[in-house]
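For reference, the structure discussed in these notes is given below.
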Amino acid sequence: MALYDILIEHLVEARNVAIFTGAGISAESGIATFRDPDGLWSKFNPTELASMKGFLRNPERVWQWYNYRRAIIADAQPNAGHIALAELERNTPNCTVITQNVDRLHQRAGTKNILELHGNIIDNHCVKCSTPYTHEINIQSKELPLCNACGGNIRPSVVWFGENLPDGIFEKAEYIAGHCDVFFSIGTSAEVYPAAYLPFTAKNRGAFCVEINPTPTSFTPYSHLAIQEKSGECLPCIVELLQQYHSL
Ligand code: BV8
Ligand code: ZN
């Protein structure tokens with residue numbers, strides 16, 4: 001466990017902890033990542049399915065693709081990695097999860113303080129008048145739902161490529177990354193911008209940077225500690241060690 005000693009030392013002293021996550025943390029819940037060999041982008045074309053252009057060209061196809069993912073996410077459960085991070089939040093003065101994920105498994109695991117950079121796949125809204133729709137939508141139906149208020153198309157409330165992130169959320173995430181003592185980058189290839197700037201913001205502002213990913217990424221050489229393991233296997237051990245330390 002020596003590997004984690006330096007991390008535990010930093011965590012014990014830390015007042016502010018930032019946890020940046022990507023699709024990899026949900027992989028052990030049975031949700032495909034995007035860029036892994038068997039990831040979503042190996043089967044589907046992101047510009048066709050995760051862009052406004054793709055939606056306007058073929059809204060039925062895009063709607064059905066999101067319903068296909070929603071059904072998988074609805075049957076999935078938070079894994080030991082999500083649960084350990086919710087526990088870490090309870091053991092740390094100020095801990096914020098900054099996620100690129102749209103699956104809301106962090107929240108289902110009990111995480112309270114979270115920023116969703118790329119929206120979420122549960123909510124929907126009208127493309128024209130932005131009227132929100134969540135439970136009103138029957139995601140089993142093949143029918144493309146239209147807005148009761150203006151007849152516009154209804155779309156999932158995720159951030160598509162070429163779209164700005166929700167107002168002010170990236171600025172908040174950048175502030176947190178720039179003012180934390182420990183910065184975790186977990187289960188992300190760090191290839192999608194502007195989110196992928198955050199690990200470098202934390203590094204440049206002096207945070208102790210930890211990457212958890214079985215595969216090296218563009219951020220690995222810049223991290224102080226690169227743990228090349230699955231998040232669902234190493235995070236419970238890290239939180240266990242932290243609790244042992246606190247109970248001393
Ligand atoms: C924007 C929601 C302003 C939808 C998503 C600067 C430079 C270059 C390009 C750009 C740039 N600025 C903007 C761009 C364009 C683009 C971009 O970054 N393109 C990339 C691909 C080059 N960015 C945008 O379009 C953004 N908008 O910039 O607006 C603007 C406007 C107009 C014109 C210009 C700019 C919007 C980006 C958001 C897109 N929406 N998702 C949906 O989900 O359907 S992004 C999508 O990718 C997901 O949200 C995902 O989270 C994100 C990142 O992927 P990862 O999470 O990292 O997943 P990935 O599969 O890549 O990696 C998984 C990792 O986990 C792997 O490393 C693997 O090894 C690891 N792993 C696997 N198993 C485990 C594990 N780790 C731990 N444990 C395990 N068990
Ligand atoms: Zn409308």
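Whatever order the structure lists ligands and atoms in, that order sets their numbers, starting from 1. Just so you know, these numbers come straight off a predicted model, no measurement behind them. The chain is numbered in sequence order, starting from 1.
Note on ligand 1: G232 sits outside its first shell, no heavy atom being nearer than 4.0 Å.
The single protein non-hydrogen atom nearest to atom 37 (C) of ligand 1 is V192 CG1, 3.6 Å, given as residue, atom name and distance.
Looking at T217, N120, L235, T188, it is T188 that brings a heavy atom closest to atom 55 (P) of ligand 1. Comparing F34, W65, F20 by heavy-atom distance to atom 48 (C) of ligand 1, the nearest is F34. Nearest to atom 7 (C) of ligand 1 by heavy atom, out of F161, Y193, F219, F170, is Y193. The nearest non-hydrogen atom to atom 63 (C) of ligand 1, considering only G187, G22, A50, comes from G187.
Heavy atoms of K230 found under 4.0 angstrom from ligand 1 belong to the backbone as well as the side chain. Proximity of E163 to ligand 1, defined as any heavy-atom pair under 4.0 Å, is confined to the backbone N, CA, C and O atoms. Both the backbone and the side chain of A23 come within contact range of ligand 1, each with a heavy atom under 4.0 Å.
Looking at residues two or more places apart in sequence or on another chain, you find a ring-ring contact (aromatic ring centres under 6.0 Å, His included) between H10 and F208. Among residues two or more places apart in sequence or in another chain, the side-chain hydrogen bond (donor to acceptor under 3.5 Å, both in side chains) test is passed with S130 by none. Applying the ring-ring contact (aromatic ring centres under 6.0 Å, His included) criterion to Y197, with sequence neighbours excluded, gives Y193.
Distance remark: protein heavy atom not present below 4.0 angstrom from atom 33 (C) of ligand 1. Shown here, atom 15 (C) of ligand 1 is out of close reach of the protein: none of its heavy atoms lies under 4.0 Å off.
Counting only distances under 2.8 Å, and ignoring water, the protein N, O or S atoms around the Zn ion (ligand 2) are C126 SG, C129 SG, C147 SG, C150 SG.
Remark: R70 is not positioned above the aromatic ring of W65, lacking an NZ or CZ atom under 6.0 angstrom from the ring centre and at most 45 degrees off the axis. Taking the ring axis of W63 as reference, the NZ or CZ atom of R69 does not stay both within 45° of it and closer than 6.0 Å to the ring centre.
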